[in-house]
Structure formats: C-alpha cells, structure tokens
Amino acid sequence: MTTPGSSTHDSSLWITNLVDGMAGLTMKVRHALYCDASPFQKIEVFDTYAFGSVLMLGGAIVLTQRDEHIYNEMITHPALLAHSAPGAVCIIGGGDGGALRETLKHDCVREAVAVDIDSMVTDTVKRYFPSLGSAFEDTRSCVAFADGCAWLEDCDRSFDVVVVDSYDPGGPVQSLETGNFFELVRGRLGDGGVAVVQTGSPELRVDHIRETIRELGTIFSWTVPYICTIPSFPSSVCSFILCGTSGSTIPEFRAERLAALAGSCRYFSGEALEGAVRLPSSMRAVFSS
Ligand code: SAM
C-alpha cells in the first residue's frame, strides 16, 4: 500500500532540522550517501527529493545543494564589498568551502585562509559537493585545521576581512562563543578591516542576537545587521552582522566591484543587498535593543 504521490520504491526516510527540538523543516530522503563521525561531530550526507544533496553536521542541516549559494553569497560579498581592497581574507568555520568559493570571486583577493576544526568536513565536501570542494584547488586558498579561537590567538598577522561562518549552536567546540573571541577577531583586522558574523534566525535566536550585537558594538566602530531568506534554514530567514574597525558610518558598497560580481552570483546583487539591510520593524527591534 503506497501513500498518494509516492511510488513503491520511495524510501520512507525523512531528515529533520529542528530548532530547540520544537519545530522545524523535514525533507524526504532518496538515498543516504554517507554517515560517519569525526572526533568532533557526526557527519552525514543525504540525497533528498526537494533539496538535492544535504550535509548534516551533528544532526543539523548545514547546507543543501539547492540553496547553499544563497547563504554563501550573502555571508561573503557584503563584507568584502564593505572593504576598499580586501587582499587577505580569513574564514573561521570555512571547512565546507562555500564562503571560500565566494571570496575567490573577488579579483583583489590575494589569499583566502579557511580555518576549520574538522578536516573530515572538508574531505566530505570535496567528495559529495564538488561545487564547494573546487574552492580548495584555487592557488590563492589554503586551509588550516584547528580551533578557530586558538588559531587566531596564535596567528601573528592581520587580515582585511574575517568571516565567522561557524555559528553552530551546540557545535563541536564552543570556543567561538566565548567573550574574547570577537576581541581576537578585531585584533587580527588591519586598518579599515571588516568582519561578518552569522547570527542565525532573527525569529528563533533573539537572545543570542541581542547578546552578539551588544558585544560587537563594544568592540567595533560600527555594526550593520542584515538578513536573507534561505528555504532550508530554520524559519527560512538567516541573519548576519557586518562590523567594521574604523569610521563611524556604514561604508558605501562599491558600485564598480558590485558590477564585477553581477554575472557570477545567483542570489546576491546590489538590489538584494539594499533589501537585506532594510529590516522589517520586528527584526530591527531585535538588532537595536
Ligand atoms: N557554512 C555552513 C552553512 O552554510 O550553514 C555554516 C558553517 S557550519 C554550521 C560550522 C562549521 O564550523 C563546521 O564546518 C564546523 O566544523 C566548524 N567549526 C565548529 N566549531 C569550530 C571551531 N571552534 N573552530 C573552527 N571551526 C569550527
């Protein structure tokens, strides 16, 4: 007996992405492609009907073939465009190669360092997500497998942009949630440096966001929250906070470099960016409290 709309060979396997265990998204699985565990987290890859290949870390969906470009374009391009000439970029939690791929679209970038605590994430992405794994072949990119906090402490150089792509509630190592982490990020930024932090759902992570923007406001000269819609993300909205080390105003986004990106992005554009920073009233209240 098969349920309407499904055929007998369909699997009965579903994966879910819950927030606080109470509500979330569920996806029907065609095949389970990979399941293993690193010393830090469970790592799984599923082929799903609605979102293509899906990477799960520690039981949470972190990217899908269908909409990873939205997240990776939106976490990367606003920050790089907010800097006058980003030559050196660091991506904390960048082991899946997504933000790295987007960073390398900027011709002014000379080097991009992805720091991830888990080398198995990168191995898995190279095998099952070639559109992400290809970023590691670029001669300008390199990967450091280490705790992001410890790596920044030991690092004796500066960057123009730091992307903090490791928002991972209950993730493998909580060092990135500690008070001095953002101080460390600030300390590794050169003059005019820019950082971006992913802050999760502005509907479901209100307390986390309030704490994060308050803290960033004490460390950086300016902060700009923005959002994007990602179908596979809990509540379908993901927020970010852009922050800068100098000046008191928000940088103008550089028109000529925006134009250079136009053909290579599927979601990001000047208009998308303008809309992203214009928050709905309820979300504006979360970021300005
Ligand atoms: N790019 C993902 C996405 O599209 O949603 C978000 C990143 S994923 C949730 C978090 C990444 O940060 C994982 O690759 C994880 O291994 C890494 N990570 C977690 N804790 C870390 C730490 N303390 N230092 C460095 N990387 C860490």
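Order of appearance sets the numbers: ligands from 1, and atoms from 1 within every ligand. Please read these numbers as outputs of a predicted model, since none were measured by experiment.
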### Main-chain N/O of Ile70 paired to Asp67 side chain as donor or acceptor, under 3.5 Å
no

### Task
Could you tell me whether the side chains of Ser236 and Thr229 share a donor-acceptor contact shorter than 3.5 Å?
no

### Task
Let me see the working for Ser239 and Phe287 under side-chain contact (heavy atoms from CB on, under 4.5 Å), right down to the final yes or no.
CA-CA 10 Å; Ser239 65; Phe287 285 96; 3.5 Å; yes

### Query
Does CZ in Arg157 sit with more than 12 non-hydrogen atoms of other residues, nucleotides or ligands closer than 6.0 Å?
yes

### Task
Could you tell me whether Gln41 and ligand 1 have an N or O pair separated by under 3.5 Å?
yes

### Message
Are any of the N/O atoms on Asp116, whether in the backbone or the side chain, positioned under 3.5 angstrom from an N/O atom of ligand 1?
### Response
yes

### Task
State the atoms of ligand 1, each with its element, that fall below the 4.0 Å cut-off from a heavy-atom position in Asp96.
1 (N), 2 (C)

### Message
Tell me if the centroids of the rings in Tyr71 and Phe240 come within less than 6.0 Å of each other.
### Response
yes

### Query
When you look at Glu102 and Cys265, which way does the side-chain contact (heavy atoms from CB on, under 4.5 Å) test go after all the steps?
CA-CA 9 Å; Glu102 296 306 315; Cys265 295; 4.2 Å; yes

### Message
Under 4.0 Å, counting heavy atoms only: does Ala146 come that close to any atom of ligand 1?
### Response
yes

### Message
Less than 4.0 angstrom from a charged side-chain N to a carboxylate O is my criterion; do Glu183 and Arg186 meet it?
### Response
no

### Query
Below 3.5 angstrom, do we get any N/O pair linking Cys149 and ligand 1?
no

### Summary
ligand 1 to Asp147, heavy atom cutoff 4.0 Å, flagged ligand atoms 22 (C), 23 (N), 24 (N)

### Option whose closest heavy atom lies nearest to atom 25 (C) of ligand 1, chosen from Ile61, Ile117, Leu55, Ile91
Ile117

### ligand 1 atoms in contact with Ser166 (distance to a heavy atom under 4.0 Å)
10 (C), 12 (O)

### Query
Which atoms of ligand 1 sit under 4.0 Å from any heavy atom of Asp118?
16 (O)

### Task
Would you mind listing which atoms of ligand 1 come within a distance below 4.0 Å of any non-hydrogen atom of Val62?
2 (C), 3 (C), 4 (O), 5 (O), 9 (C)

### Query
For Gln198, is the nearest heavy atom under 4.0 Å from an atom of ligand 1?
no

### Pair Glu271-Ser269, side-chain donor/acceptor within less than 3.5 Å
yes

### Task
Tell me which part of Ile75 gets within contact of ligand 1: side chain, backbone, both or neither, using heavy atoms under 4.0 Å.
neither

